[in-house]
Amino acid sequence: MPTPTCVRIGRLRMALTCAAWGMAGMVVVMPESMRGLARAAGVAEAGKARADARRSGTPGAEEGVKSRVRVERLYLEGAGPSALVVGLADGVGVVVEPAAGAVRWVWTGGFPDLGPVRPGAGKLIDAVKLPGRVRFHDESEAPVRCGDSRKPPVVVFDGYDLQTDAVEVRYRFDGKPVTDRLRALPGGVGLERRLETGDDRSTWFEIREGGEVRALVRDERGRLVLDRVWGEENR
Amino acid sequence: MLAIVGGALTLRAGYRLEPVELPTGLRGGLSGVAFGADGTLGVTTRWGEVWTRNAAGEWRRFGSGLNEPMGLVIESPRSVVVAHRPELIRLVDTNGDGSAERYEVVATGWGESANYHEFFFGLKRDAAGNFLGALSLTSMADKKEPSPGSRRGTYDPTEVAAPTGHHSDLPWRGWAVQISPTGVVQPVASGFRQPAGLGLSPEGDWFVTDNQGDFKAACGLLHVQEGDFHGHASSLKWEKGFAVKTATLESLWPRVKSPAVVFPHGVMGVSAGEPVWDTTAGRFGPFTGQVLVADFGQIVVRASLERVGGVWQGACFPFLGRNDRAPHVTGARLLGGTLHAAFAPDGSLYLAATAGWGAGEDGLQRVVWDGTITPEIQEVNLVEGGFRVRFTQPMERGRLAETGRYQLSRFRYYYQPTYGSPRVDESPVAVQTVTVAPDGRSVVLKPARLEAGFVYELTVPELRTQSGEGILNPLVYYTVNRLVDGSGPPAGVVRLRRADEAAPGSANANPLDKVTAEPVLRAAGEGIYRLYCSACHQPDGRGIPGGAANLREDKTRLAKSDDVLLATLASGIEAKGMPAFGGILSTGQRRAVLAYVRATFGDPQPGTREPAPE
């Protein structure tokens, strides 16, 4: 369909205005009609950007919409059939196995392609493949333990909360409520992971690969610290 | 019919189908539809999203990231409970911005793997606040054993009674479950295969639709009570105290609870979805109290239920989809892929469709009654010695009283572990007497043989209303589980195959197996095509867009050799949603339908051909 003349003229006026603004750095007072055109174009562009961002799957990329982390429940081998695949800021991603209360992977490099696991790709479901660079991987049975490092806790997954720049995953470890807060460190240099254990101040442990047992320290707010930092030079 | 409405000449037909505009960003794959008490509309999508529409018509993406949800309950504009594969989960908008921030697990605890067929279907809530859902079986089409890292729950691949194409290898798959408001999961009834539709009657009775397949002769509407076994043997392994090693078809058959209403395959759909009760008090036409069932195969079935001898049973009729081009439906064409339904507060029926599993289409439609009472069979009830058939309009009494105007037959099915079942013991049944009610709106038919344990098929194409119109949908099936005196066989309309009966699909299972004359095969094939194939491939052979093949216009389909096509008929194509007819149609029946298809839609000279390139 040919573009109506009025629209072509409007666009030309806008293009000239923007070019002038860009070159001269001056404030340009536009007639009301052109301000309306600019507003309409801006709204349309923002809407398209939101739609494009949603399609891209990039977490937090929806312009004009409150930025949030992204969680998808997906099949990922080693993390269960409905793992939490979490996209945080700055391209940092985390895979949580909810039944174990465990972070299985941390990676950088964008959100995975959901094609193999979502409708439209054929009937059988394939595992998600993580893009980019894996920063952390753990397969131990119960990597976080409370009170007794030899005893895997009974973990119940209670859900999660989405925030602007973090996700809080809620569990019960041996009946004790735990909130596992996951946030990307600024610049994507690492993962901040803090476990809020409420009134429980017992010693908790992390079981690392090879069986190394590490008593977890608490931060100034009493939360257990399980951060992973890979540093700026490794981005 | 044309009518003058408000001074204007208007086409009124009965029902009008309208597309419901969906927001940009909603990617299709509608897998659930529901209304909240305040009129909020909610849908789930197989992409894991929840979208809501408020009274002002504004859509918002309420939630996302779920694992293939299949149903929802809207508690309020800020709280939606969703059935998705791993859990029953509540999404809460904690700050009032229109989308959920909190995702609370209400319940979990059943086995789950990455198998494509493992759904948690839902969702209804009863008067006590319990949620009702059902778990489907695992498909063996994905032949890999699920690795420990891809599954949750104890893995037990033991076959029960016989090998089948779908299994309950993980806990409680194939069971209907009741979940208390505090999240306690109670498995209630077993024996389901693909229980895609959950329904709650206005009186609080729980019904589920299950789908044709192994151990399932046809789709149907099943009444669910605690302790029931609905036929598929595999799920019994999770029943406390069940002796898996000694289970046989013979030992299981007496336990099978027959469907309340069987939907004979093909003509009454191919993959039943959500049943909804018409509680619109007349705003949706003359079928108040009856059940509408969405079906993936481009049909909506209507069912009327009654309790006979303490058991639910009843009738089913085509409602939308088979003849919705004229005259009683105007507007859009019914989409294929419709699996979920909900009545809106204004009395219209919303239908949610998804493309997937090799067929179907995406979209949301709305069905509105335009006030016209079209000529239909309104209801069929069992009475002493016969059936009462009630019509929506007074009928012309001359034809109404003639026994020859009623074509009655009956059949039942095998209880067998292979896919589906042929109709067995099928025979015409003479109508001995017809008693016409004084108002001409109903008749009582007394057949020569009325026996529990059969599905009775009645067609009345020759009846006319007093104004001379024919019945728009002159076909009804009544499932007789019990007679009025309460008598009936234990497993209703399914029986065991006798030792002297050839297995369906084997040689000499049907008289057609010995027939080679093409004209005879073609003539027999026409009836088989109408019954088993036309639901998907359509009477004109043009198939369903995005689904069943277009046999008439896609010349590659019938360019394949007879051997290839006969093998396809026997084995099906699971990836495309085509059933395996090897356990339903004999070799002769399959040759007959192929002969009919070639003569009607393709090359009139059937015979062995070189395989066409794939």
Side-chain angles (χ1 to χ4, degrees), chain A residues 47-48 50-55 57 59 62 65-66 68-87 97-100 104 111 114 116-128 139 141 156-164 167-172, chain B residues 24-25 27-29 31 45-48 61 63-69 84-87 89-92 94-95 97 99-106 108 111-118 139 141-142 144 146-153 170 183 354-358 362 574-577:
Chain A
K48 182 178 179 304
R50 281 197 294 276
D52 287 345
R54 274 199 291 272
R55 276 191 291 271
E62 297 181 26
V65 176
K66 180 178 161 184
R68 282 213 193 104
V69 298
R70 178 180 179 185
V71 174
E72 297 279 347
R73 304 292 299 276
L74 301 168
Y75 163 45
L76 210 144
E77 184 61 32
S82 293
L84 272 76
V85 180
V86 182
E97 184 183 354
R104 292 300 185 199
F111 207 76
L114 300 191
V117 292
R118 288 297 190 222
K123 293 179 73 178
L124 302 182
I125 295 173
D126 286 326
V128 165
E139 292 182 0
E141 180 197 345
V156 175
F157 168 61
D158 283 328
Y160 54 95
D161 290 335
L162 302 175
Q163 298 175 351
T164 306
V167 64
E168 292 190 341
V169 187
R170 289 176 281 106
Y171 303 97
R172 278 166 282 157
Chain B
T24 305
R27 288 177 279 188
S31 57
T45 77
R46 292 174 56 228
W47 286 89
R61 189 172 61 179
S64 63
L66 300 175
N67 197 345
E68 204 158 11
H84 76 143
R85 284 171 174 260
E87 298 136 359
I89 191 164
R90 176 178 282 115
L91 284 61
V92 183
T94 55
N95 59 10
D97 68 351
S99 60
E101 293 78 25
R102 169 154 283 213
Y103 290 65
E104 297 174 345
V105 174
V106 177
T108 185
E112 182 204 358
S113 78
N115 188 273
Y116 84 95
H117 210 262
E118 287 179 11
S139 169
D142 185 354
K144 299 192 299 276
S147 64
S150 71
R151 65 178 193 240
R152 183 185 65 172
L170 293 163
T354 177
W357 312 289
D362 289 330
E574 182 157 353
K576 297 287 186 184

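All chains are named by letter (A, B, ...) in the order of the sequence lines, taking the proteins before the strands, and each is independently numbered beginning at 1. Reckoned from all heavy atoms, side chains included, excluding hydrogens, waters and symmetry mates.
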Item checked: Among B:G29, B:S99, B:G28, B:G183, residue most engaged with chain A (heavy-atom pairs, under 4.5 Å) ->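 Option with the greatest count: B:S99.
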Margin query: I need the residue from B:N67, B:T45, B:T354, B:T94 with the largest number of non-hydrogen atom pairs under 4.5 Å to chain A.
Written below: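 That would be B:N67.
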Notebook entry, point to check: Are A:R73 and B:E87 ion-paired here, with the side-chain N under 4.0 Å from a carboxylate O?
Noted result: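 Between B:E87 and A:R73 there is a salt bridge, with a charged N closer than 4.0 Å to a carboxylate O.
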Check: Tell me, side chain or backbone of B:S113 under 4.5 Å from chain A's heavy atoms, or both, or neither?
Finding: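 Contact with chain A: backbone only.
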From [X] atom [atom1] to [Y] atom [atom2], the distance as rounded to the nearest 0.5 Å:
{"X": "A:E168", "Y": "B:R102", "atom1": "CD", "atom2": "CZ", "result": "8.5 Å"}
{"X": "B:R151", "Y": "A:Y75", "atom1": "CZ", "atom2": "OH", "result": "11.0 Å"}
{"X": "A:L74", "Y": "B:R85", "atom1": "CG", "atom2": "CZ", "result": "11.0 Å"}

Check: Contact part of A:L76 toward chain B, heavy-atom cut-off under 4.5 Å: side chain, backbone, both or neither?
Finding: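 Contact with chain B is through the backbone of A:L76 alone.
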Next item on the list: Give the C-alpha distance, both sets of side-chain angles, the deciding distance and a yes or no for side chain to side chain contact (heavy atoms under 4.5 Å, CB included) between B:T108 and A:F157.
Entry: CA-CA 9 Å; B:T108 185; A:F157 168 61; over 6 Å; no
Note to self: Run A:L162 and B:Y103 through side chain to side chain contact (heavy atoms under 4.5 Å, CB included) and show every step you take.
What the structure shows: CA-CA 8 Å; A:L162 302 175; B:Y103 290 65; 3.7 Å; yes
Next item on the list: Please report the shortest heavy-atom distance between A:S82 and B:P86, naming the atom on each side.
Entry: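 That would be OG-CG, 3.3 Å.
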Notebook entry, point to check: Do any N or O atoms from the side chain of A:R70 and from the backbone of B:S64 form a donor-acceptor pair under 3.5 angstrom?
Noted result: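 Flag not set: sc A:R70 to bb B:S64 has no pair under 3.5 Å.
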